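Okay, so here's the structure we're looking at.
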Amino acid sequence: MSFTSARSRWSDVWLATVARGVSSCGDFLAASALTLALQSAGAGGTAVSGLLIAATLPLVALAPLTGRLADRVDSRTLLVGAGLAQAAICLALAYARHPALVIGLVALLAAGLAVTQPVLSALVPAMVRPADLPRASALNQTAGTLGALAGPALAGLLVGGFGTRLPLLVDAASYLVLVAAGLLIRTRRGGSRFTVPVKPEAGPTPGAEPVTHGAKPAAGTGPAAGGWRLRRDPLLVAMVASLAGVIGAVGAINVVEVFFIRETLGSSTTVYGLVTGSWTLGVVLGAWALAPLARRLTDDGRLLGTGLFLLGGCCLAVLGSAAVPSAWLLVPVWLLGGVANGGDNVLNNVLLARRVPQVVLGRAYAVFGAATQGASMVGFAAGGLLLELAEPRPLVAVCGLAGLLAVGAFAVPVARAARVERAATARRGSAASGPDAELATPSVAR
């Protein structure tokens with residue numbers, strides 16, 4: 001079980017939410033500031049894609065290590081240690097001038113993110129009951145996307161008025177908020193103190209095990225949880241493969257967009273920040289609008305199919321944006337794309353938390369993040385190469401079309417995985433209701 005069996009601890013959810021929002025704002029502020037600095041200095045798509053790859057590669061390469069760290073080391077230790085290290089690295093980045101040093105520091109900064117991301121992601125399900133997870137996930141998603149919304153807009157304003165140093169100093173300060181949250185959050189996982197006892201909603205049942213906040217420590221000792229592998233769960237394999245495939249197909253837009261908005265549509269750095277923020281605002285709206293849907297979809301196969309449909313909406317928005325004559329007309333198109341993106345994020349988080357044992361949830365989020373970030377790197381590399389061959393506007397259309405083709409290609413495997421899951425659920429239900437039901441043991445290693 002990946003959830004708490006006691007009352008949801010909303011104070012911890014809010015602390016994690018604030019920490020993610022502020023640190024996310026700092027991350028996007030720094031990334032946007034450096035991207036704008038490169039573009040303004042006359043750098044091409046290869047330079048921008050190289051910077052983005054440096055910020056992504058550690059999330060992929062370190063996933064096997066950071067996922068296990070998130071499950072085996074005290075979450076407070078990881079959040080505080082990584083937050084302090086990131087603040088120091090970002091401070092150094094503010095004064096770095098040589099391009100090789102900048103790229104190296106960006107990679108180190110991403111290494112810290114590779115640690116904190118699975119820690120925070122795995123903590124949220126341990127803070128709440130199953131019925132509250134969609135709301136908690138939407139809160140967490142909202143925080144991250146509001147930070148991502150504010151970051152580029154703030155970068156556009158600060159870079160235009162003060163250069164790149166001030167945005168990077170602000171980013172360094174944002175990591176201290178993450179450190180404070182790590183010290184204040186009472187829910188713990190990993191290490192010897194895997195959970196924190198809390199008062200249950202009702203009195204304990206005589207002879208029952210003590211109620212703890214999060215999964216029971218004993219959950220990690222069973223062979224099922226200890227032997228968990230994502231590849232053993234066809235539904236999760238289909239989710240990760242389809243999401244990574246679509247991201248890889250459409251991901252070049254992340255490199256192309258700065259040239260499309262700044263050069264093709266002739267916009268200022270401030271307009272660039274505001275326009276790119278419209279997608280992020282849509283993610284916030286989509287997370288809240290579709291959180292109730294995630295709660296109602298108890299069929300995991302249907303949850304997965306709905307997520308793929310929403311990915312198609314994201315790609316359709318990218319394709320439609322290729323036709324706009326003005327940057328401001330991108331706002332409603334990208335707002336709708338962001339709504340689909342936010343809804344898909346919530347559905348993915350709920351599906352992972354439902355199907356992965358709590359004791360290995362950090363590893364699961366690290367594997368999930370590595371797959372999607374690895375796919376993003378493919379898009380970054382493709383975007384840098386394609387910009388040397390074609391203009392930004394047709395490349396935007398190519399990105400959207402490639403994403404839609406990927407969605408169509410994954411529709412059949414996703415539907416097949418959903419059918420397999422329903423058949424397995426029906427078999428488990430029949431075994432549990434039969435005359436020897438007391439001998440049936442549900443599988444938790446998926």
Side-chain angles (χ1 to χ4, degrees), residues 12-31 34 54-94 96 102-127 140-141 143-144 147-148 151 167-194 196 214 359-370 372-373:
D12 281 357
V13 173
W14 279 106
L15 283 170
T17 296
V18 171
R20 181 174 181 186
V22 174
S23 62
S24 176
C25 178
D27 291 337
F28 279 86
L29 175 65
L34 292 171
T56 307
L57 181 59
L59 299 173
V60 180
L62 297 178
L65 171 63
T66 57
R68 284 174 169 78
L69 279 176
D71 291 328
R72 297 176 183 177
V73 179
D74 189 342
S75 54
R76 178 171 295 173
T77 301
L78 290 175
L79 290 176
V80 172
L84 289 173
Q86 286 177 296
I89 293 167
C90 207
L91 185 63
L93 189 59
V102 169
I103 289 177
L105 289 172
V106 166
L108 284 176
L109 200 62
L113 190 62
V115 174
T116 59
Q117 271 191 347
V119 172
L120 283 173
S121 296
L123 267 176
V124 172
M127 297 172 179
N140 204 253
Q141 179 67 40
L168 293 170
L169 290 174
V170 173
D171 187 22
S174 73
Y175 289 114
L176 299 180
V177 176
L178 180 65
V179 172
L183 293 171
L184 293 173
I185 290 173
R186 291 176 294 168
T187 304
R188 308 272 283 275
R189 68 182 306 279
S192 58
R193 293 184 60 187
F194 192 84
V196 176
V359 72
V360 292
L361 197 53
R363 195 198 321 168
Y365 276 111
V367 170
F368 177 65
T372 54
Q373 296 294 344

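Keep in mind the model is a prediction, meaning the values are calculated, not measured.
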Exercise. Check Q86 against G112 and note the closest heavy-atom contact, atom names and distance.
Key: NE2-C, 3.4 Å

Quiz item: Between A110 and A54, which heavy-atom pair has the shortest distance, and what is it?
Solution: CB-O, 4.2 Å

Quiz item: Do Y175 and L109 pass the side chain to side chain contact (heavy atoms under 4.5 Å, CB included) test, and can you show the C-alpha distance, the side-chain angles, and the key distance before you say yes or no?
Solution: CA-CA 11 Å; Y175 289 114; L109 200 62; 3.8 Å; yes

Self-check item: Donor-acceptor under 3.5 Å (D12 side chain, T187 main chain)
Solution: yes

Practice problem: May I ask you to test the I185-R76 pair for a side-chain heavy-atom distance under 4.5 Å? | Solution: no

Quiz prompt | Donor-acceptor contact present, side-chain R20 to main-chain S121, <3.5 Å | solution = no

Quiz item: Atom CD1 in I89, atom CG in L108: separation rounded to 0.5 Å?
Solution: 5.0 Å

Practice problem: Write down the atom of V119, the atom of S75, and the distance for their closest heavy-atom approach. | Solution: CG1-CB, 3.8 Å

Quiz item: For the side-chain contact (heavy atoms from CB on, under 4.5 Å) test, which of L84, L183, L123 pairs with L79?
Solution: L123

Practice problem: Using a 4.5 Å cut-off on heavy atoms from C-beta on, say whether the side chain of L178 contacts that of L120. | Solution: yes

Quiz item: Which heavy-atom pair separates A94 from L169 by the least distance, and what is that distance?
Solution: CB-CD2, 3.8 Å

Self-check item: Worked verdict on T17 versus V13 for side chain to side chain contact (heavy atoms under 4.5 Å, CB included)
Solution: CA-CA 6 Å; T17 296; V13 173; 4.0 Å; yes

Exercise. For residues L93 and D171, determine if any side-chain heavy atom of one lies less than 4.5 Å from a side-chain heavy atom of the other.
Key: no

Quiz item: What is the minimum heavy-atom distance between L168 and A30, and which atoms define it?
Solution: CD2-CB, 3.6 Å

Exercise. Quick one: pull up CG in L69 and CG in L62 and give me the separation to the nearest 0.5 Å.
Key: 9.5 Å

Quiz item: So do R189 and D71 actually touch side chain to side chain, heavy atoms under 4.5 Å?
Solution: yes

